[in-house]
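One structure is given here, and the rest of the page talks about it.
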Amino acid sequence: MALYSEKVMDHFTNPRNVGKLDDADGIGEVGNAKCGDIMKIYLKIENDIIVDVKFNTFGCGSAIASSSMATELIKGKPLSEALELTNKAVAEALDGLPAHKMHCSVLAEEAIRSAIKDYYDRNNIAYDKAKFPDPHEEE
């Protein structure tokens with residue numbers, strides 16, 4: 001059996017939504033010191049809907065594929081739905097990730113949450129702090 005699914009390989013070799021939004025409404029950046037992966041997500045939001053999303057990821061193939069798939073899953077969705085996206089949903093949409101690469105899908109989830117939180121903070125929008133746990137507090 002191949003280590004990576006066809007979907008992982010497709011999103012790695014042909015990533016969707018790569019780039020930067022200069023006029024982003026929310027930006028989230030997360031990293032994993034243990035593996036060196038860094039993800040940056042840019043959101044363009046209109047009427048509580050993610051109308052555009054871009055990412056820049058420095059990392060392994062699984063990190064790039066997770067970023068690509070996560071952006072595809074939230075594009076066109078309301079913020080409330082994007083906040084429900086889990087790393088497991090990202091991994092499932094990729095037809096699975098090896099166990100030692102699941103942290104890549106976690107980074108994608110965290111980057112999206114970070115970008116949404118940034119949007120809320122920039123616009124003084126009240127939010128439930130419980131939906132935005134600080135990933136560094138768990139270490």
Side-chain angles (χ1 to χ4, degrees):
M1 186 180 110
L3 183 61
Y4 296 107
S5 71
E6 284 183 30
K7 279 191 184 176
V8 170
M9 293 306 296
D10 180 41
H11 277 268
F12 167 61
T13 57
N14 304 294
R16 283 63 150 185
N17 307 305
V18 174
K20 178 182 179 186
L21 292 173
D22 290 325
D23 61 346
D25 296 308
I27 301 171
E29 184 171 2
V30 297
N32 183 320
K34 291 177 189 154
C35 67
D37 294 331
I38 300 168
M39 278 181 201
K40 197 165 190 175
I41 301 269
Y42 302 86
L43 301 177
K44 187 71 185 156
I45 300 162
E46 292 175 12
N47 300 318
D48 221 36
I49 305 290
I50 298 170
V51 295
D52 200 5
V53 56
K54 299 283 187 215
F55 79 90
N56 284 313
T57 293
F58 176 83
C60 66
S62 294
I64 292 167
S66 293
S67 301
S68 174
M69 180 57 82
T71 61
E72 286 287 280
L73 293 171
I74 65 168
K75 196 173 198 174
K77 300 283 195 288
L79 292 174
S80 59
E81 210 171 303
L83 277 171
E84 299 299 315
L85 183 68
T86 65
N87 73 295
K88 288 179 181 62
V90 172
E92 285 172 13
L94 289 168
D95 292 337
L97 286 171
H100 68 283
K101 292 294 184 177
M102 280 301 287
H103 68 274
C104 295
S105 62
V106 171
L107 282 177
E109 176 187 339
E110 289 175 353
I112 289 166
R113 286 185 178 279
S114 177
I116 293 172
K117 182 181 181 298
D118 180 53
Y119 167 72
Y120 287 159
D121 288 342
R122 288 181 189 207
N123 293 282
N124 296 314
I125 298 170
Y127 56 86
D128 179 0
K129 292 196 187 327
K131 289 191 179 210
F132 298 95
D134 183 348
H136 301 293
E137 289 180 4
E138 297 168 15
E139 292 176 3

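In this structure a side-chain-to-backbone donor-acceptor pair under 3.5 Å is missing from D95 to S5. For the pair S114 (side chain) and E110 (backbone), a donor-acceptor distance under 3.5 Å is absent. Put simply, the side chain of R113 gets close to the backbone of K131: a donor and an acceptor are under 3.5 Å apart.
Put simply, CD1 on I41 and CD1 on I50 are 9.5 Å apart, with the number rounded to the nearest 0.5 Å. Rounded to the nearest 0.5 Å, atoms CG (L43) and CG (D118) are 8.5 Å apart. Annotation: the span from I112 atom CD1 to E84 atom CD amounts to 12.5 Å, rounded to 0.5 Å. Distance CD/E92 to NZ/K7: 10.5 Å, rounded to 0.5 Å.
Connectivity analysis of hydrophobic side chains (ILVMFWY, heavy atoms under 4.5 Å, direct or indirect) links I49 to V51.
Residue pairs meeting the side chain to side chain donor-acceptor pair (under 3.5 Å) criterion with at least one partner in residues 65-78, sequence neighbours excluded, are H11-S68, N17-T71, N17-E72, N17-K75, T57-S67.
Every salt bridge (Lys or Arg N to Asp or Glu O under 4.0 Å) that E29 has, sequence neighbours left out, goes to K40. Not a single salt bridge (Lys or Arg N to Asp or Glu O under 4.0 Å) links D128 to another residue, sequence neighbours left out. With sequence neighbours left out, N14 forms a side-chain contact (heavy atoms from CB on, under 4.5 Å) with D10, R16. When the side-chain contact (heavy atoms from CB on, under 4.5 Å) test is applied to N87, the partners found at least two apart in sequence or on another chain are M102, S105, V106, E109. Every residue two or more places apart in sequence or in another chain that forms a side-chain contact (heavy atoms from CB on, under 4.5 Å) with D23 is listed here: L21, K44. Take D121 and apply the side-chain contact (heavy atoms from CB on, under 4.5 Å) test, not counting sequence neighbours, and it matches K117, Y127.
Closest approach of I74 and A82 over heavy atoms only: CG2-CB, 3.8 Å. Pairing each heavy atom of G59 with each of D37, the nearest pair is CA-OD1, 3.0 Å. Between A91 and L97, the shortest heavy-atom contact is CB-CD1, 4.2 Å. When all heavy atoms of I64 and P15 are compared, the pair lying nearest together is CG2-CB, 4.1 Å. The two residues G61 and F12 make their nearest non-hydrogen contact at CA-CD1, 3.3 Å.
Hydrophobic cluster membership is shared by L79 and F132, with clusters built from Ile, Leu, Val, Met, Phe, Trp and Tyr side chains linked at under 4.5 angstrom. Under the 4.5 Å side-chain heavy-atom criterion for Ile, Leu, Val, Met, Phe, Trp and Tyr, V53 and L73 are members of the same hydrophobic cluster. Under the 4.5 Å side-chain heavy-atom criterion for ILVMFWY residues, no single connected hydrophobic cluster contains both I27 and F58. Linking Ile, Leu, Val, Met, Phe, Trp and Tyr residues whenever their side-chain heavy atoms come within less than 4.5 Å leaves I38 and V30 in two separate clusters.
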_Could you go through K101 and V8, starting from their C-alpha distance and side-chain angles, then the distance that decides it, and tell me whether this counts as side-chain contact (heavy atoms from CB on, under 4.5 Å)?_
CA-CA 11 Å; K101 292 294 184 177; V8 170; over 6 Å; no

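Contact annotation: the side chain of D22 never approaches that of Y42 to less than 4.5 Å [non-hydrogen atoms, C-beta and beyond].
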